[in-house]
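The sequence lines fix the lettering, A, B, ..., with proteins before strands; numbering per chain opens at 1.
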Amino acid sequence: MEYNFREIEAKWRQFWAENQTFKAEDNSEKPKYYVLDMFPYPSGAGLHVGHPLGYIASDIFARYKRLQGFNVLHPMGYDSFGLPAEQYAIQTGQHPDKTTKENIARYREQLDKIGFSFDWSREVRTSSPEYYKWTQWIFTQLFDCWYNNKTQQAERISELELIFASVGNTVVDATTDCEETFNAETWNGFDHEKKEAILQQYRLAYLADSWVNWCPALGTVLANDEVINGVSERGGHPVEQKKMRQWSMRIKAYAERLITGLDGLDWTDSIKDQQRNWIGKSQGCSVCFPLWRGTEGEEMLEINESIEVFTTRPDTIFGVSFLVLAPEHPLVAKLTTEDKREAVENYVKASSLKTERDRQANVKNISGEFIGSYAVHPFTGEKVQLWIGDYVLASYGTGAVMAVPCGDQRDWDFANHFGLEIKNIFENIDISEAAYTEKEGKIADSGFLTGLTVKEAMKAAIEAIEAKELGKGKTNYRLRDAVFSRQRYWGEPFPVYYKNGKPHMIDARYMPIILPEVEKYLPTEDGQPPLGNAPVWAWDTVDNQIVDNVNIDHETVFPMELNTMPGWAGSSWYFLRYMDPHNEQEFVSKEKVDYWKNVDLYIGGSEHATGHLLYARFWTKFLYDLGFIGFDEPFQKMINQGMILGRSSLVYKLHYSKLNTQSTDNLKSIFISKSLFEKIGDSKNPLRQITNETIINFIADKNNTSPNEINPLFITNELHVDISIVDNDKLDIEAFKNSREEYKNAEFIYEDDGTYICGSEVEKMSKSKFNVQTPDELVEKFGADTLRMYEMFLGPLEQSKPWDTKGINGVHNFLRKFWRLFHDQTGNLLISDEAPSKDSLKTLHKTIQKISIDLERFSFNTGVSNFMIAVNELGEQKCNNRAILKDLLIMLSPYAPHISEELWVKLGYEAGSINVAPFPTFNPDYLVESAFSYPISFNGKVRFSVELPADMSKEDAEAHVLGLEKTQHYLEGKAPKKMIVVPGRIVNIVL
RNA sequence: GCCCAGGUGGCGGAAUUGGUAGACGCGCUGGAUUCAAAAUCCAGUACUGCAAGGUGUGCGGGUUCGAUUCCCGCCCUGGGUACCA
């Protein structure tokens with residue numbers, strides 16, 4: 001019987017599904033292991049070969065862990081809220097729920113074909129009410145908490161209210177936007193509304209007017225990580241800064257823990273660094289520069305009003321020659337003198353109109369205005385000018401900087417541009433061409449700091465600043481709070497209603513708050529989010545249910561929140577839900593989360609470094625603070641699979657006309673093969689005359705005319721052709737002609753061997769480039785086991801690589817060879833129960849060792865190689881011993897589960913039991929060799945090798961090698977200076 | 001600019017701690033089998049040279065008996081990020 005993968009794979013897929021082979025037990029004596037894939041967004045395009053790459057790797061590992069005796073949790077689900085389904089709904093009127101469900105069905109079908117060992121009984125979908133009920137609940141928990149910097153954790157708002165009522169807020173060290181201070185008496189005197197307004201400034205989920213990234217084309221706000229280079233990540237639309245009342249998450253509170261937590265994680269440095277940079281911790285201190293209140297020569301006045309700046313270089317304070325404020329700084333209007341007012345106001349207005357992108361695009365244009373007022377240098381008493389400039393950001397630090405041109409390039413450029421003073425406070429450093437930004441060397445001309453090193457000066461400066469009460473050491477973070485509202489339909493509704501304009505949480509008992517039906521998915525005419533179209537979207541506080549909007553009386557029935565939650569809400573905690581997916585009482589039971597704990601291995605793309613991965617860590621830490629879960633990092637080890645790029649095929653189309661026919665209507669065209677294109681092609685200059693003889697003669701011949709009649713020749717750009725009609729770069733001419741009406745009579749200039757060779761390009765897979773490779777056709781043609789092994793064989797998991805099916809035959813052949821090991825020439829099972837040969841045992845144990853090591857270091861590509869080597873060796877040995885093949889089958893089963901199951905049962909073992917069979921143990925005794933072939937090198941260059949007994953002593957080996965004729969030949973009569981013998985490795989002779 | 005990852009045959013890629021560079025697969029060349037093809041099997045395949053030999057892991061140095069591996073300085077590619085004071 002031949003290796004009939006179609007039959008075999010269908011059979012085992014069905015068996016696994018019917019027997020729930022991969023169902024994970026919640027109560028097991030076995031140790032647990034949690035392997036998770038980043039769940040996909042079910043897009044309309046379906047899976048392409050890039051998707052399964054990570055899933056195959058995690059599946060292999062999950063199966064390996066089962067063989068090692070672990071109770072493995074390996075679930076899958078869908079991140080099913082999102083923009084594309086909504087855009088599609090706007091265009092077609094189809095309910096996003098419908099298209100989403102269809103897409104999920106297609107994904108499932110594709111996933112099933114690849115033979116994953118997912119426990120589908122635990123599937124989650126972020127868009128199902130049973131799931132988002134708990135996303136809503138977590139939101140209300142965040143609303144109900146504040147962050148206590150003293151205890152470094154989230155605490156309940158009710159406790160904060162008690163503190164306020166007894167001692168006010170001055171002793172509270174919280175992460176807050178509240179700048180007001182009050183004592184208990186004042187607090188107790190506040191009315192309810194005022195109290196709530198203050199509490200909003202402490203809540204971890206809060207409603208506030210803040211500058212947000214507004215994307216007009218998408219009609220919604222975006223989080224910082226959704227904006228790339230000033231345009232939206234999705235669609236590349238421009239983004240503006242807009243002040244809007246929005247829900248936000250106080251992720252800033254967790255900045256420090258998000259940084260320190262990285263140390264204990266087994267993630268790549270690259271991802272950790274990206275997160276560290278994104279959080280952007282910088283240490284320095286704040287310094288107050290008192291305002292100059294007098295005329296020239298007058299003494300400085302009391303420090304009752306001042307400009308506060310933040311600096312990371314307090315050591316350079318004597319180098320300050322001016323201050324720069326952000327144009328939006330609140331004191332600008334007040335401090336602008338009359339003679340400067342017009343220029344300043346124009347400048348402020350101009351910068352407020354700039355979009356984020358404009359501001360970034362014109363980094364090199366230095367601009368600013370002197371506002372006419374001065375501050376006083378707190379140590380020298382000198383007058384320093386006050387400027388505004390849009391290189392200073394209102395939202396970072398204090399919105400003002402002390403400019404030290406000698407130590408900061410931007411300040412240097414600014415000073416240079418406006419002809420301001422550049423003081424040098426560095427010993428023996430030339431700053432005439434550029435600022436000196438190294439934190440090394442000694443400080444000069446700096447009062448009490450003179451002669452100190454930068455480090456010492458830093459410390460001394462902060463001490464002096466603190467002593468004079470001008471400011472204090474401070475840590476700043478670049479991380480901004482995350483906007484949590486989206487003006488979209490297809491997302492989680494907020495469990496919120498508004499009473500007197502203040503948000504109120506709907507009690508958890510009444511969740512889920514189900515997404516209402518709407519007529520249209522577009523914003524309303526008066527600019528409200530799509531939920532503004534919902535006719536039944538009001539909260540009845542008496543009956544505790546959603547009622548028709550006509551009932552809104554602002555007494556007992558109130559309007560509900562019209563925004564929905566962002567995409568990252570549902571994905572920030574989904575890994576917890578898999579542990580207890582059907583629990584209706586809690587988001588996850590304590591018992592189950594204590595058993596499964598955090599994810600042991602997480603596999604997914606690195607593009608989520610500053611989005612999903614940061615938010616999921618934030619929510620995990622929050623849930624940990626409240627005691628719901630027992631760990632504060634979600635993903636212990638993570639591997640980021642590389643992107644699989646598509647390899648597009650290109651044809652080269654050339655246009656021509658006969659002499660005297662200048663009209664472009666009569667242009668004819670011809671396709672030229674790759675080598676000819678390479679002779680004449682010029683991608684920078686696609687439209688020009690061609691003088692190549694081969695082409696001109698060919699065309700003349702085709703048109704029964706003389707070459708002189710053929711005149712202007714133009715080459716167009718390269719055209720993508722469908723990769724399905726190209727084999728090994730050779731174009732299937734017939735298929736090409738049939739692919740489009742316009743190609744029906746196409747003419748070609750071939751290569752010398754009569755074939756048409758296409759060009760190629762490696763780029764992202766996309767429909768428009770005709771280079772999308774779906775797994776389905778490959779599974780159909782070669783089987784899932786071949787696809788699984790081939791995707792792994794392609795190269796290291798983490799690396800990006802072009803997809804190329806050229807090598808897939810090699811892997812498929814391997815599986816056929818493997819199959820043949822078990823059968824005789826006529827295809828009948830032929831297994832020997834005799835004791836295996838020494839060679840076969842050696843091959844087996846070498847393989848056990850290598851496969852284990854490769855799995856432990858996630859080197860799946862070398863794993864496949866090692867199976868190939870083993871099968872090649874066993875084939876040569878004509879080994880068909882049960883003892884050998886059984887162990888080999890177990891090892892192969894994570895990679896190629898279908899064929900392994902089939903042969904396992906053919907060997908007479910119970911169906912399904914291979915999935916929990918013990919992974920074979922390595923016995924080094926089988927690898928012991930009696931002799932070793934030593935490479936003999938001279939000055940490090942290997943010349944020949946010689947077989948020596950493995951237990952030969954260094955001295956004996958040395959003498960033996962020296963006595964060899966070949967050695968004498970290379971010594972050329974000289975005596976060796978030195979001889980190095982590394983037992984079991986090498987012999988090196990130094991001449 | 002800054003941070004991170006990477007640079008090895010015609011191609012994808014191997015090479016645990018410094019110890020025979022190019023495993024494994026693809027492709028290519030030749031051969032066997034076949035009426036022929038597919039499939040299968042065998043041999044060869046870094047470059048250069050008729051050969052002995054020489055040269056080779058982005059480039060230039062260094063450490064070492066010995067460097068793809070360690071150190072210093074550059075170049076290139078990919079990713080991230082950017083007036084963050």
Side-chain angles (χ1 to χ4, degrees), chain A residues 2 228-229 268-278 280-282 284 309-313 316 324 326 359-360 362-366 389-393 395-404 407-411 413-414 437 476-480 606-607 609-610 640 642-643 728 789-790 793-796 798-811 813-814 816-817 820 849-850 853-854 856-857 859 861-870 872 933-945 976-982 984-991:
Chain A
E2 263 294 286
I228 312 282
N229 292 328
T268 61
D269 288 339
S270 156
I271 296 270
K272 286 190 190 181
D273 275 333
Q274 274 185 54
Q275 290 210 347
R276 281 191 198 104
N277 292 342
W278 187 259
K281 179 178 182 174
S282 57
V309 302
F310 173 74
T311 180
T312 56
R313 296 295 302 273
T316 63
V324 188
R359 254 187 147 166
Q360 285 177 14
N362 300 317
V363 169
K364 279 171 197 119
N365 290 355
I366 295 160
D390 66 8
Y391 79 94
V392 179
L393 303 179
S395 52
Y396 183 78
T398 60
V401 302
M402 57 178 221
V404 183
D408 183 289
Q409 193 57 45
R410 288 154 313 175
D411 296 345
D413 291 338
F414 196 86
T437 54
N476 258 331
Y477 299 93
R478 202 184 71 112
L479 184 72
R480 308 290 155 82
S606 57
E607 67 272 20
T610 53
N640 307 109
M643 205 190 333
N728 251 332
M789 293 196 87
Y790 184 57
F793 189 55
L794 235 37
E798 301 90 336
Q799 224 165 74
S800 277
K801 53 225 154 187
W803 176 257
D804 201 331
T805 49
K806 264 199 245 159
I808 199 166
N809 281 315
V811 174
N813 283 344
F814 156 75
R816 296 171 50 168
K817 265 196 217 172
R820 264 185 267 131
Q849 186 188 30
K850 287 195 162 162
I853 291 172
D854 286 342
E856 293 298 340
R857 52 182 195 146
S859 177
N861 56 328
T862 53
V864 176
S865 298
N866 284 318
F867 282 120
M868 289 175 170
I869 294 167
N872 288 345
S933 174
Y934 278 90
I936 311 300
S937 60
F938 295 80
N939 285 342
K941 284 182 183 163
V942 177
R943 298 299 176 179
F944 61 93
S945 53
K977 279 190 191 148
K978 199 175 173 185
M979 211 169 154
I980 287 137
V981 178
V982 185
R985 288 273 192 206
I986 202 168
V987 176
N988 191 20
I989 298 162
V990 186
L991 298 176

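Applying the 4.0 Å criterion to OP1 and OP2 of B:G13, one finds that A:Gln799 has a side-chain N or O inside that range. Between B:A5 and A:Thr268, no contact under 4.0 Å exists linking OP1 or OP2 to a side-chain N or O. At least one side-chain nitrogen or oxygen of A:Asn813 sits closer than 4.0 Å to the OP1 or OP2 atom of B:U40. Considering only side-chain N and O atoms, A:Asn866 lies nowhere under 4.0 angstrom from the phosphate OP1 or OP2 of B:A14. Here A:Lys941 reaches the OP1 or OP2 of B:U55: one of its side-chain N or O atoms lies under 4.0 Å away. The side chain of A:Lys806 places no N or O atom within less than 4.0 Å of a non-bridging phosphate oxygen (OP1 or OP2) of B:G27. Note on A:Tyr396: a side-chain N or O is less than 4.0 Å away from OP1 or OP2 of B:A85. For the OP1/OP2 pair of B:A85 and a distance below 4.0 Å, the side-chain nitrogens and oxygens of A:Asn476 include no atom meeting the criterion.
When heavy atoms are screened at a 4.0 angstrom cut-off, A:Asn809 is found touching no nucleic acid atom at all. No contact: A:Asp804 has no heavy atom under 4.0 Å from any strand. Within the nucleic acid shown, A:Asp273 comes within 4.0 Å of sugar-phosphate atoms alone, with no base atom in reach, counting heavy atoms only. Among the protein residues, A:Lys272 comes within range of no part of the nucleic acid, since none of its heavy atoms lies under 4.0 Å from any strand. Backbone-only contact: A:Pro796 has heavy atoms under 4.0 Å from sugar-phosphate atoms and none from a base. Among the heavy atoms of the strands lying under 4.0 Å from A:Leu794 are primed sugar atoms or P, OP1, OP2 only; no base atom is included. Nucleic acid contact for A:Ile808: none, since no nucleic acid atom lies under 4.0 Å from a heavy atom of the residue. Residue A:Lys817 is in sugar-phosphate contact alone, with no base atom involved, counting any heavy-atom pair closer than 4.0 Å across all strands shown. Using a 4.0 Å heavy-atom criterion, one finds that A:Arg816 contacts the sugar-phosphate atoms exclusively. Contacts of A:Ser945 with the nucleic acid, taken as non-hydrogen atoms under 4.0 Å apart, are absent.
Between the P atoms of B:C75 and B:C59, the separation comes to 15 Å (whole Å). Taking atom C1' on both nucleotides, B:A51 is separated from B:U40 by 38 Å, rounded to a whole Å.
Look at CZ on A:Phe867: it is 15 Å from P on B:G25, rounded to the nearest Å. Here B:A15 presents its C1' atom at 13 Å from CD1 of A:Ile853, a figure rounded to the nearest Å. Between the NZ atom of A:Lys850 and the P atom of B:U16 there is a distance of 11 Å, given to the nearest Å. The interatomic distance linking A:Ile936 (CD1) with B:C65 (P) rounds to 19 Å, in whole Å. The CZ atom of A:Phe814 sits 18 Å away from the C1' atom of B:G12 (whole-angstrom rounding). Rounded to an integer number of Å, the gap from A:Asn939 CG to B:G54 C1' is 16 Å. Distance CG (A:Leu479) to P (B:U81): 14 Å, rounded to an integer number of Å. Rounding to whole angstrom units, CE of residue A:Met643 and C1' of B:A5 are separated by 14 Å.
Side-chain proximity of A:Val401 to B:G19, B:A85, B:A82: nearest is B:A85. Here the side chain of A:Ile986 is nearest to one of B:G12, B:G19, B:C65, namely B:G19. Closest to the side chain of A:Asp390, from the set B:C83, B:G66, B:G54, is B:C83. For A:Leu393, counting side-chain heavy atoms from C-beta on, the closest listed nucleotide (B:G80, B:C84, B:G13) is B:C84. Side-chain proximity of A:Thr862 to B:G13, B:A15, B:C84: nearest is B:A15. Nearest nucleotide to the side chain of A:Ile980, out of B:C83, B:C65, B:C84: B:C65. The side chain of A:Asn988 has B:C65 as its nearest neighbour among B:A82, B:A85, B:C65. Closest to the side chain of A:Tyr391, out of B:G25, B:C83, B:C84, is B:C83. Residue A:Asn872 has its side chain nearest to B:G25 when only B:G25, B:C84, B:U20 are considered. Among B:A5, B:A85, B:C24, the nucleotide with an atom closest to any side-chain atom of A:Ile869 is B:C24.
Between A:Val990 and A:Pro976, the closest side-chain pair of non-hydrogen atoms is not below 4.5 Å. At least one side-chain heavy atom of A:Trp803 sits less than 4.5 Å from a side-chain heavy atom of A:Leu794. When side chains are defined from C-beta on, A:Ile989 counts as touching A:Met979, because their heavy atoms get closer than 4.5 Å. Side-chain contact between A:Arg857 and A:Thr862 is present, with heavy atoms from C-beta onward closer than 4.5 Å.
Side-chain to base pairing of A:Arg276 with B:C4: no donor and acceptor N or O lie closer than 3.5 Å to each other.
The nearest heavy atom of RNA chain B to A:Val982 and to A:Ser865 marks one nucleotide each, and the one closer to the 5' end goes with A:Val982. Along RNA chain B, the nucleotide closest to A:Val990 and the one closest to A:Asp269 are compared, and the more 5′ of them pairs with A:Asp269.
To the nearest 0.5 Å, atoms CZ (A:Arg943) and CZ (A:Phe938) are separated by 8.0 Å. Here the straight-line distance linking atom CG of A:Asp854 with atom CD of A:Gln849 works out to 10.0 Å at 0.5 Å rounding.
Base pairing annotation: B:G53 forms a Watson-Crick or G-U wobble pair with B:U48, both donor-acceptor distances under 3.5 Å.
Residues A:Lys817 and A:Asn872 bring a donor and an acceptor atom of their side chains to less than 3.5 Å of each other. Checking A:Asn988 against A:Ser937 by side-chain atom types alone, a donor-acceptor pair falls below 3.5 Å.
Under the 90° criterion around 0 for the glycosidic angle, B:G79 counts as anti.
Using a 4.0 Å cut-off between charged nitrogen and carboxylate oxygen, A:Lys272 and A:Asp269 do not count as a salt-bridge pair.
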